[in-house]
> 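Before we start, here is the structure in question, set down as structure tokens.
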Amino acid sequence: PNCTAFPMRRLRDAEVKQLNNSPTTRSQLIDLKRRISTVEYSKRLLEKKRDAIMRAIEADRRAYRTMRSAFSEGCKQVYLAYSLVRLFEGDAAIKLLEVGVKVLKLRERDHAIAGCKYPEFIEAVDESKRRGEAGFNPILTSLYVEDLLEALNKVEGLLWQFINLQAKLKALEAELHRTQIKINTLQHTVLPALTEEVKRIGEILGDRERYEHFLIKKSITSRPYFQR
């Protein structure tokens with residue numbers, strides 16, 4: 001038979017030399033396929049983490065909108081009462097309210113959702129120990145001061161809930177952004193690069209196997225037994 005009619009892509013001498021000297025092996029192809037499986041598994045885990053964080057964010061955003069509305073309304077009441085005290089009582093009443101109030105100390109407690117850590121701020125001491133004795137006599141004060149104290153007490157109940165919820169949302173949104181960047185990197189950069197490398201190695205190995213098969217067939221057909 002005519003060996004030149006063997007159906008294969010003709011390789012130039014330089015290509016044959018490059019294929020023979022190439023360190024590409026089938027074990028590298030298997031290793032790349034394993035890496036692709038690992039990357040795909042990591043991508044699925046990150047997508048599950050992203051979905052969990054998005055569910056937590058949606059639930060907290062609804063609570064945050066309600067809390068922000070209540071907190072804004074409470075701040076308006078404090079501002080109104082504070083303005084009336086400054087207008088009718090002067091700065092002396094405001095300074096008198098500061099007597100006996102100690103510096104607020106906080107402690108931080110860490111929580112986690114789907115691997116995302118966020119802080120929670122808690123008062124280090126009890127409310128009664130922190131405020132101490134009042135520096136004024138309620139009987140001798142006006143109604144404006146009492147209204148201010150009442151408004152402050154109402155807002156203080158919402159203050160730490162508002163701060164903790166806002167800190168949680170910021171931490172979750174930042175973690176969601178980082179997670180989405182990782183998913184996009186794996187999907188649009190790492191996986192295409194590995195897939196292209198697998199394709200390249202597969203083509204090299206296929207060309208090498210076809211060339212080796214061609215050499216074997218040529219050596220068999222060139223023996224004297226087949227030339228008779």
Side-chain angles (χ1 to χ4, degrees), residues 35-87 94 97-98 101-132 144-195:
R35 290 175 61 186
I36 289 177
S37 300
T38 303
V39 171
E40 290 177 346
Y41 179 71
S42 302
K43 178 175 170 290
R44 289 194 297 269
L45 289 180
L46 288 173
E47 288 175 347
K48 291 181 180 179
K49 177 181 178 180
R50 177 196 61 190
D51 296 339
I53 293 176
M54 288 181 65
R55 287 193 297 268
I57 288 177
E58 290 299 324
D60 289 335
R61 278 178 178 172
R62 291 192 293 267
Y64 178 75
R65 286 192 290 266
T66 304
M67 185 69 62
R68 183 177 60 183
S69 177
F71 183 73
S72 299
E73 187 64 27
C75 290
K76 291 178 182 178
Q77 297 296 329
V78 171
Y79 178 75
L80 177 61
Y82 178 79
S83 300
L84 292 175
V85 171
R86 289 290 301 268
L87 180 62
I94 301 299
L97 292 175
E98 298 176 358
V101 178
K102 299 181 181 179
V103 177
L104 179 63
K105 296 182 180 180
L106 300 176
R107 56 189 178 91
E108 183 178 342
R109 180 185 300 173
D110 292 331
H111 299 275
I113 294 179
C116 174
K117 292 184 178 181
Y118 63 91
E120 180 185 6
F121 302 101
I122 305 173
E123 295 185 28
V125 294
D126 295 336
E127 184 71 14
S128 58
K129 295 181 180 179
R130 184 178 66 85
R131 287 194 175 278
Y144 301 114
V145 177
E146 294 181 3
D147 292 341
L148 176 60
L149 293 176
E150 184 179 358
L152 286 173
N153 289 330
K154 289 181 180 180
V155 171
E156 192 172 7
L158 300 174
L159 176 62
W160 295 114
Q161 298 179 23
F162 179 76
I163 291 176
N164 289 328
L165 193 57
Q166 190 176 40
K168 180 181 178 181
L169 275 175
K170 287 184 178 180
L172 290 177
E173 289 173 354
E175 185 65 23
L176 177 63
H177 180 68
R178 290 192 293 267
T179 303
Q180 189 62 47
I181 289 177
K182 293 177 182 178
I183 293 174
N184 293 338
T185 302
L186 293 179
Q187 182 176 359
H188 300 292
T189 303
V190 179
L191 282 176
L194 292 176
T195 304

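What you are looking at is a predicted structure, and each value in this text was computed from that prediction instead of being measured.
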> Can you tell me how far apart CG (Leu87) and OH (Tyr82) are? Round to the nearest 0.5 Å.
12.0 Å
> Distance check, rounded to the nearest 0.5 Å: Met67 atom CE versus Asn164 atom CG?
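So the gap between those two atoms works out to 10.0 Å.
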> Evaluate Ile113 against Lys168 for side chain to side chain contact (heavy atoms under 4.5 Å, CB included), listing each step before the verdict.
CA-CA 10 Å; Ile113 294 179; Lys168 180 181 178 181; 3.8 Å; yes
> Run the side-chain contact (heavy atoms from CB on, under 4.5 Å) test against Glu173 and tell me which residues pass, sequence neighbours left out.
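Glu173: side-chain contact (heavy atoms from CB on, under 4.5 Å) contacts with Ile57, Arg61.
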> Rounded to the nearest 0.5 Å, how far does CG of Leu176 lie from CG of Asp51?
9.5 Å
> Using a 3.5 Å distance criterion without hydrogens, assess whether the side chain of Ser42 forms a donor-acceptor pair with backbone atoms of Thr38.
yes
> Would you please name every residue forming a ring-ring contact (aromatic ring centres under 6.0 Å, His included) with Tyr144, sequence neighbours left out?
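Here the qualifying residues are Phe88.
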> Could you go through Cys75 and Tyr79, starting from their C-alpha distance and side-chain angles, then the distance that decides it, and tell me whether this counts as side chain to side chain contact (heavy atoms under 4.5 Å, CB included)?
CA-CA 6 Å; Cys75 290; Tyr79 178 75; over 6 Å; no
> Does a side-chain N-to-carboxylate-O contact under 4.0 Å join Glu40 and Lys43?
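Here Glu40 does not pair with Lys43 in a salt bridge, since their nearest N and O are not under 4.0 Å apart.
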> Less than 4.5 Å apart, side chain to side chain, heavy atoms only: is that true for Leu46 and Leu186?
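In short, these two side chains touch, coming nearer than 4.5 Å.
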> Distance from Glu150 atom CD to Gln77 atom CD, nearest 0.5 Å?
9.5 Å
> Report the residues that fulfil side-chain hydrogen bond (donor to acceptor under 3.5 Å, both in side chains) with Gln161, sequence neighbours left out, ordered by chain and then residue number.
none
> I need the Leu165 CG to Leu158 CG distance, nearest 0.5 Å.
11.5 Å
> So does Arg35 have more than 12 non-hydrogen atoms from other groups sitting under 6.0 Å from CZ?
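Not more than 12 within 6.0 Å, no.
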> Go through the steps to decide whether Arg65 and Ser69 satisfy the test side chain to side chain contact (heavy atoms under 4.5 Å, CB included), and finish with yes or no.
CA-CA 6 Å; Arg65 286 192 290 266; Ser69 177; over 6 Å; no
> Show your reasoning for whether salt bridge (Lys or Arg N to Asp or Glu O under 4.0 Å) applies to Glu47 and Arg44.
CA-CA 5 Å; Glu47 288 175 347; Arg44 289 194 297 269; over 6 Å; no
> Roughly how far apart are Glu108 CD and Glu120 CD, rounded to 0.5 Å?
10.0 Å
> I'd like to know whether NE2 of His188 has more than 12 heavy-atom contacts from other residues, nucleotides or ligands below 6.0 angstrom.
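Above 12, so yes.
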